[in-house]
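Working notes, beginning with the structure itself.
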2 protein chains.
Amino acid sequence: MKRTRNRVTSYDVARLAGVSQPTVSRAFTPGASITKDKRDRVLAAAKQLSYLPNSIARSLANARSNIVAVIVGDMHNPFYAESLQAFITRLQDSGRHVLAFTISDGRDCDDALMQALGYHVDGIVVTSAHLSSDLISTSQDAGIPIVLFNRRTADPALASVRCENEAGAATLARAMCNAGGREFLIIRGDPQGSTSRDRVNGFRSELEALGVAPGRVEEIDGQSSYAGSYDAVLSRFKDKVRPFPDAIFAVNDIMAIGCADALRGEFGLAIPDDIMLAGFDGVREATRAPYELTTIRQPIEVMVEKTLDLLERKQSGTLEDAGNSLVVTGELIAGKTVPAGTAAPGGDGDRS
Amino acid sequence: MKRTRNRVTSYDVARLAGVSQPTVSRAFTPGASITKDKRDRVLAAAKQLSYLPNSIARSLANARSNIVAVIVGDMHNPFYAESLQAFITRLQDSGRHVLAFTISDGRDCDDALMQALGYHVDGIVVTSAHLSSDLISTSQDAGIPIVLFNRRTADPALASVRCENEAGAATLARAMCNAGGREFLIIRGDPQGSTSRDRVNGFRSELEALGVAPGRVEEIDGQSSYAGSYDAVLSRFKDKVRPFPDAIFAVNDIMAIGCADALRGEFGLAIPDDIMLAGFDGVREATRAPYELTTIRQPIEVMVEKTLDLLERKQSGTLEDAGNSLVVTGELIAGKTVPAGTAAPGGDGDRS
DNA sequence: TTGTAGGCGTTATCAA
DNA sequence: TTGATAACGCCTACAA
């Protein structure tokens, strides 16, 4: 009744191969001391029984799960979908795996984190939302490292990997000024999120440094999503007599795309002729023909690699507390939504 | 020296709470026989030590991992990104979790599957590619159920959940005929994949039933991706004097979008005025303003639910072999890329 | 309701 | 190199 399931264990293989159980274990451990002869015999027996080492038991025995938890927010933002795929691919290639969590609407990040901790994963990657400092210290007690991806917090104990958001946004501000932008509109994302805040700040302060009066910079909330941005643009342009912006900075690409669709579809505006537009992230969608968005590309592959590095170093204790935060440089993608600037004011529009 | 890691176990909690270890276990098991008094004491102690039950150990003890492996292909196709998120959300809500695998370029599906089997997961969901029958029988021996999502195989032993691909494609064929389509172009996906094949077949046979000569139906390869479709359309229309199609059926939405972008951006064609277009999947992107694609929506939530149902029933042995394949009905989304049919002949609502 | 004893399948330790 | 034996942390009997 209990023995209904046909579980093949290392003991079965050992018996068939005429060796001891630990020898079976060694046969499956790269670089273990075992004669080729025995290893072959074991592997043959294993194959015959279609035996597969039980990763769960292994995890329990050596206190290493080879699992990394990745907590991801909205996968409708291609940046996160791409990032998740990058994590999966990279970990899979190194024999580890991703336990995926999501924080869809309302679900608490702490909740997901707690569950992840329960699996004694090797590390946790958080791509969104806020963590209670309670959980953070719990994870530290448990020796499970956490790294924020594309996020940061004031708490220096929390490692993070992110892009130079301020600098990137500043670059875009310069480009738009050069192209003749005078009245600006910012579409921000989650006001609580560090990423949106940093980009908005970077953009604003560069504008100020370039002599644009703060009164010429308006800000609306795009809720980090396509639909949010679309709607925000809709209601902003619907019956507003206010100064008409000639340059829009959406804090991420998905919102920039939503904005572009609204501007064109609802108001028949041309980009960049009537209004210029910039985004941030450099997702694939943004580079497509209908958009060719001017944006900053976040080097996802690099960021993922650095995130995993950081996790490992934190786990092995190589890392103390300095250098906890890695900041990578984004690359300006000169699309067609911001005309090439000719330093001189007045613009030119030369982009054959 | 080994004890450097501060692992809190149920024994520690038991000691602090003045109870036995199994009592701690019971305190964390909903519906176990334990007095409220003791449970409270245990939970208090647990909190004080920030103890978290070890899911790995639990899995080993009761031979149930509460983990479902999801093997996903290309996450650049929003259909799969959405599906993955749906799986994660739903499993997370029921206290289970997703171990995510990917089969990026060239990586073998069997490989991922093997690794999944090693974790003795409760079930495996496969959203793409082919499985060797070897692996399938291995998983059956191991008692780990596999369900194909949006795929099928000839092998009846393999359960699958999918949409009525033929019927959906047929509906689109009718709609396009009704709208005046005479020369057809099909953009297919992976010719090896059942999904693309079924849709192509459904489309073709309905056309034939409607009296369209096979010679009027052309087929090109869009490689299941935006870029593949874009390029295919590009080279098809570049210098082709062949009959100009007036109706295009892309086997999935992401390819339809690529096609639309190419038609408009490269050739200045209007949709549906110059050429009509239909897709399949009903992803969010396809419904957006620039596209408003006529397509068939696959009910992802329902499909996910049925997939998990199937997994559970297979695991508990409730399922023999009949009814292994669940087919759900897709919903026609009447977008703007196929003009409303002027009824006329063959305009019946239901499918005979 | 509670505690004791044994098992889940592996890796780690230490002799041989 | 190999084998016996003890963890790993929990759950499921079974007995009290």
Side-chain angles (χ1 to χ4, degrees), chain A residues 1-15 17-42 46 49-67 95 117-122 142-144, chain B residues 1-15 17-42 46 49 51-67 117-122 142-144:
Chain A
M1 167 84 208
K2 205 71 198 298
R3 208 92 226 66
T4 177
R5 197 61 86 44
N6 200 9
R7 297 208 170 284
V8 181
T9 78
S10 52
Y11 283 95
D12 300 324
V13 177
R15 200 176 317 127
V19 298
S20 73
Q21 182 276 329
T23 300
V24 175
S25 174
R26 288 191 261 264
F28 281 92
T29 307
S33 28
I34 182 177
T35 35
K36 183 174 183 328
D37 170 54
K38 293 225 159 171
R39 162 168 276 142
D40 290 346
R41 242 172 48 222
V42 168
L49 299 174
S50 56
Y51 161 80
L52 231 48
N54 185 333
S55 303
I56 300 270
R58 172 180 313 185
S59 297
L60 185 61
N62 62 10
R64 240 205 140 211
S65 64
N66 281 323
I67 293 179
L117 288 177
Y119 278 99
H120 287 230
V121 293
D122 293 346
I144 298 181
Chain B
M1 53 153 194
K2 203 65 204 293
R3 208 100 222 60
T4 175
R5 197 60 91 39
N6 200 7
R7 296 208 171 284
V8 183
T9 77
S10 54
Y11 284 95
D12 301 322
V13 177
R15 200 176 315 125
V19 298
S20 71
Q21 181 276 327
T23 300
V24 174
S25 174
R26 289 189 259 264
F28 281 93
T29 307
S33 27
I34 182 176
T35 39
K36 184 175 183 327
D37 171 55
K38 294 227 158 169
R39 162 169 277 141
D40 290 347
R41 244 178 39 226
V42 169
L49 300 175
Y51 162 79
L52 232 49
N54 185 331
S55 303
I56 301 269
R58 172 179 310 180
S59 297
L60 184 59
N62 60 13
R64 244 209 134 204
S65 64
N66 281 323
I67 292 179
L117 287 177
Y119 278 99
H120 286 228
V121 293
D122 293 346
I144 298 181

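Note that the structure is predicted; figures quoted are calculated from it, not measured. Computed from heavy atoms alone, side chains included, the values below leave out hydrogens, waters and symmetry copies. Order of the sequence lines fixes the chain letters, A, B, ..., with proteins taken first and strands second; residue numbering starts at 1 for each chain.
Annotation: side chain to side chain donor-acceptor pair (under 3.5 Å) contacts involving residues 25-36 of chain A, sequence neighbours excluded, comprise K36(A)-D40(A). The salt bridge (charged side-chain N to carboxylate O under 4.0 Å, His left out) pairs that include a residue from residues 54-65 of chain B are R64(B)-D122(B), where partners are two or more places apart or lie in different chains.
Distance N54(B) CG to dC8(D) P: 12 Å, rounded to the nearest Å. Computed from coordinates, the N62(A) CG to dT10(C) P distance equals 12 Å when rounded to whole Å. Atom CZ of R64(A) and atom P of dT11(C) are 14 Å apart (whole Å). Between R58(B) atom CZ and dT12(D) atom P there is a gap of 9 Å when expressed in whole angstrom units. Rounded to an integer number of Å, the gap from CG of L60(A) to P of dA6(D) is 17 Å. dC10(D) atom C1' lies 13 Å from atom CD1 of I56(A), rounded to whole Å. Between the CG atom of L52(B) and the C1' atom of dG9(D) there is a distance of 13 Å, given to the nearest Å. Taking atom NE2 on H120(A) and atom C1' on dC8(D), their separation rounds to 11 Å, with Å as the unit.
Listed by chain and number, the residues in a side chain to side chain donor-acceptor pair (under 3.5 Å) with S10(B) are Q21(B) (sequence neighbours excluded). For R39(B), the salt bridge (Lys or Arg N to Asp or Glu O under 4.0 Å) test picks out no residue, with sequence neighbours left out. The side chain to side chain contact (heavy atoms under 4.5 Å, CB included) check on L52(B) picks up M114(A), L117(A), with sequence neighbours excluded. Judged as a side chain to side chain contact (heavy atoms under 4.5 Å, CB included), and not counting sequence neighbours, A61(A) has no contacts. Residues satisfying the side chain to side chain contact (heavy atoms under 4.5 Å, CB included) criterion with L49(A), sequence neighbours excluded, are V8(A), D12(A), V13(A), L16(A).
Nearest to the side-chain atoms of A57(A) among the listed nucleotides dG9(C), dT1(C), dT2(D) stands dG9(C).
Taking CG from L60(B) and OG from S59(A), the interatomic distance works out to 9.5 Å, rounded to the nearest 0.5 Å.
Put simply, S10(A) has a side-chain N or O that comes within less than 4.0 Å of OP1 or OP2 on dT10(C). Residue Y119(A) places no side-chain N or O under 4.0 Å from the OP1 or OP2 atom of dG9(D). Distances shorter than 4.0 Å separate none of the side-chain N or O atoms of T35(A) from OP1 or OP2 on dT1(D).
In this structure the side chain of Y119(A) reaches within 4.5 angstrom of the side chain of N66(B), judged on heavy atoms.
Counting non-hydrogen atoms under 4.0 angstrom, F28(A) reaches nothing in the nucleic acid. At a threshold of 4.0 angstrom between heavy atoms, the contacts of I34(A) are confined to the sugar-phosphate backbone, with no base atom among them.
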Taking N or O atoms only and anything under 3.5 Å, show me the protein contacts with nucleotides 3-7 of chain C, one pair per line.
{"from": "dG3(C)", "atom 1": "OP2", "to": "S20(B)", "atom 2": "N", "distance (Å)": "3.1"}
{"from": "dG3(C)", "atom 1": "OP2", "to": "S20(B)", "atom 2": "OG", "distance (Å)": "3.0"}
{"from": "dG3(C)", "atom 1": "OP2", "to": "T23(B)", "atom 2": "OG1", "distance (Å)": "2.6"}
{"from": "dG3(C)", "atom 1": "N7", "to": "R26(B)", "atom 2": "NH2", "distance (Å)": "2.7"}

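Comparing the start and finish of the helix from dT1(C)-dA16(D) to dA16(C)-dT1(D), five pairs each, the helix axis swings through 30°, to the nearest 10 degrees.
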